[in-house]
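What follows is a set of notes on a single structure, which appears directly below.
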Amino acid sequence: MSVIEEISPSPPVVCRFEKYLNGPLGRPVLENLEEGESFILQTSEHVLRITKRNNRAEVNLIQAR
């Protein structure tokens with residue numbers, strides 16, 4: 001018997017920010033971060049942590065209001 005882990009889809013805001021930051025318009029942001037470095041982005045509805053991993057932005061939702 002195997003255990004299958006349910007993977008919840010990322011919230012749309014996470015997908016949008018990952019797409020933006022990993023695209024041509026987000027390139028300057030990633031170029032100014034060191035590998036493994038992160039910053040917090042706060043909007044009116046969300047708090048996100050953006051981390052540079054393998055030269056790509058990884059976005060994690062910290063808090064939704």
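Quick note: residue numbers are just sequence positions, from 1.
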Donor-acceptor contacts, no H, no angles, side chain residues 57-65, under 3.5 Å, sequence neighbours left out:
from	atom 1	to	atom 2	distance (Å)
E58	OE2	R53	NE	3.3

Would you mind listing every side-chain hydrogen bond (donor to acceptor under 3.5 Å, both in side chains) that reaches into residues 24-52, with sequence neighbours excluded? none
Pair V47-I40, side chain to side chain contact (heavy atoms under 4.5 Å, CB included): steps then yes or no: CA-CA 7 Å; V47 178; I40 302 293; 3.7 Å; yes
List the steps, then state whether side chain to side chain contact (heavy atoms under 4.5 Å, CB included) holds for F17 with L48. CA-CA 9 Å; F17 273 97; L48 305 164; 3.5 Å; yes
